[in-house]
Amino acid sequence: MSRLVIGVHNSGFVAGFRARYLEVVGSIYIYNEHRGYTSLDRVLAAARRHCPDDTGFIAAGVKHRGDERKHYLMFKRWFELRGLMPLAVDTSYGHIDRFINRAFGCSIDQLDTDTIVTEPDLFEKLCRVILLTEERGLAQVEELLRNPAVLGDPVMHRIFRIVHEDEPSHFLPYRQWLEAQDRPTALWNERLADWTIHKILLLGKMPALFFNAGARRMEQWPDAGEAA
């Protein structure tokens with residue numbers, strides 16, 4: 001009888017652990033996908049001015065923006081099906097937020113689009129930051145697709161399969177554009193920044209959120225009030 005009770009308790013613990021893990025992962029992705037598509041509006045504005053004749057590159061950026069919005073809505077639906085709001089996270093959980101800050105010394109919202117358009121080196125740096133961020137995103141999704149908690153949730157697994165299918169089209173256009181300009185696709189200090197940010201998020205921020213029983217939830221969806 002005691003073995004049965006222990007088994008039930010262990011089963012409940014494992015189920016609770018998995019549910020919390022998926023909730024944390026989903027909350028972080030909700031933030032990053034929303035931050036991604038809203039930030040790409042600024043990137044597209046810069047691209048249309050910097051290389052207006054490169055319609056293929058601009059079209060790839062438009063698709064990228066649309067995919068990020070689609071991914072956001074899929075994670076949003078996952079939470080809605082559970083009757084929950086995501087955990088509230090801020091810019092410290094955003095890979096692109098941290099990367100932009102390291103590369104440009106300011107937040108995404110403070111990026112000077114006019115200067116980036118007129119300075120080729122800055123536009124190239126922006127492309128490299130997006131390229132490395134999206135490559136990192138693909139590697140992370142491949143890890144999640146092997147994660148037992150994700151495999152045990154058919155809806156979440158399906159979401160990450162779709163994200164995985166979309167991800168290459170998010171970084172290849174930036175790599176190809178840089179290569180066409182005979183420019184490096186990454187500098188050593190940018191790769192180091194990408195690796196460092198990933199480790200901070202994976203080993204620091206994510207566990208802190210997981211074990212924070214008092215973490216507050218969003219009071220409204222990030223896209224509340226946005227135009228359709």
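Source: prediction; values computed, not measured.
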Inset, instruction - Verify whether one side chain among Glu68 and His34 offers a donor that lies under 3.5 Å from an acceptor in the other. - result: no
Inset, instruction - Using the six-membered ring wherever Trp is involved, compare the ring planes of His71 and His170 and label them parallel, tilted or perpendicular (cut-offs 30° and 60°). - result: tilted
Legend entry - Residues which pass side chain to side chain contact (heavy atoms under 4.5 Å, CB included) with Gln220, listed by chain and number, not counting sequence neighbours: Ala224
Legend entry - Note, Leu172 side chain near Glu134 side chain (heavy atom, < 4.5 Å): no
Inset, instruction - Give every residue pair that meets the salt bridge (charged side-chain N to carboxylate O under 4.0 Å, His left out) criterion with at least one member in residues 94-104, sequence neighbours excluded. - result: Arg35-Asp97
Legend entry - Student check: side-chain heavy atoms of Arg69 and Thr38 closer than 4.5 Å: no
Legend entry - Pairwise distance CZ(Phe79) to CE(Met85) - rounded to 0.5 angstrom: 9.5 Å
Legend entry - Working for side chain to side chain contact (heavy atoms under 4.5 Å, CB included), residues Cys106 and Leu111: CA-CA 7 Å; Cys106 66; Leu111 275 178; 3.9 Å; yes
Inset, instruction - Measure the OH-NZ distance between Tyr37 and Lys70 for me, rounded to the nearest 0.5 Å. - result: 14.5 Å
Inset, instruction - For the residue pair His95 and Phe99, categorise the inter-ring angle as parallel (less than 30°), tilted (30 to 60°) or perpendicular (more than 60°). - result: perpendicular
Inset, instruction - Take Gln140 and Tyr29 through the side chain to side chain contact (heavy atoms under 4.5 Å, CB included) test and state the conclusion after the steps. - result: CA-CA 11 Å; Gln140 185 62 47; Tyr29 266 87; 3.7 Å; yes
Legend entry - Partner of Arg128 by side chain to side chain contact (heavy atoms under 4.5 Å, CB included), out of Thr133, Leu178, Asp194, Thr185: Leu178
Inset, instruction - Starting from the C-alpha separation in whole Å, work towards a yes-or-no answer on side chain to side chain contact (heavy atoms under 4.5 Å, CB included) for Ile116 and Thr113. - result: CA-CA 5 Å; Ile116 289 174; Thr113 306; 5.6 Å; no
Legend entry - Atom pair CD (Glu167) and CG (Leu138), whose distance is rounded to the nearest 0.5 Å: 6.0 Å
Inset, instruction - State, with a plain yes or no, whether a side-chain heavy atom of Arg136 is found less than 4.5 Å away from one of Trp195. - result: yes
Inset, instruction - Measure the shortest side-chain to side-chain distance between Leu132 and Phe171 over non-hydrogen atoms and say whether it is less than 4.5 angstrom. - result: no
Inset, instruction - May I ask you to check whether Tyr21 and Asn147 show a side-chain donor-acceptor distance below 3.5 Å? - result: yes
Legend entry - Pairs involving residues 170-182, ordered by first then second residue, that meet salt bridge (charged side-chain N to carboxylate O under 4.0 Å, His left out) (sequence neighbours left out): Glu135-Arg175
Legend entry - Student check: side-chain heavy atoms of Tyr31 and Pro222 closer than 4.5 Å: no
Legend entry - Residue pairs involving residues 197-206 (criterion side chain to side chain donor-acceptor pair (under 3.5 Å); sequence neighbours excluded): Ser92-Lys205
Inset, instruction - Provide the closest heavy-atom pair for Pro154 versus Gly152 in the form atom of the first, atom of the second, distance. - result: CD-O, 3.6 Å
Legend entry - Flag side-chain contact, heavy atom, 4.5 Å: Thr91 against Ile108: no
Legend entry - Partner residues of Arg48 under the side chain to side chain contact (heavy atoms under 4.5 Å, CB included) criterion, sequence neighbours left out: Leu44, Ile58, Val62
Legend entry - CD on Gln110 to CZ on Arg42, rounded to 0.5 Å: 9.5 Å
Legend entry - Straight-line distance of Thr118 OG1 to Phe123 CZ, nearest 0.5 Å: 12.0 Å
Legend entry - Parallel, tilted or perpendicular: ring planes of Tyr174 versus Phe57, cut at 30 and 60 degrees: perpendicular
Legend entry - Donor on one side chain, acceptor on other, Tyr72 and Asp223, under 3.5 Å: yes
Legend entry - Note, Arg20 side chain near Leu87 side chain (heavy atom, < 4.5 Å): yes
Inset, instruction - Identify, with sequence neighbours excluded, every residue that meets side chain to side chain contact (heavy atoms under 4.5 Å, CB included) alongside Arg161. - result: Leu145, His157, Arg158
Inset, instruction - Applying side chain to side chain contact (heavy atoms under 4.5 Å, CB included), run through Ile159 and Phe75 and close with a yes or a no. - result: CA-CA 7 Å; Ile159 292 172; Phe75 285 108; 3.5 Å; yes
Legend entry - Validation row: Ser169, Asp67 side chains within 4.5 angstrom (heavy atoms): yes
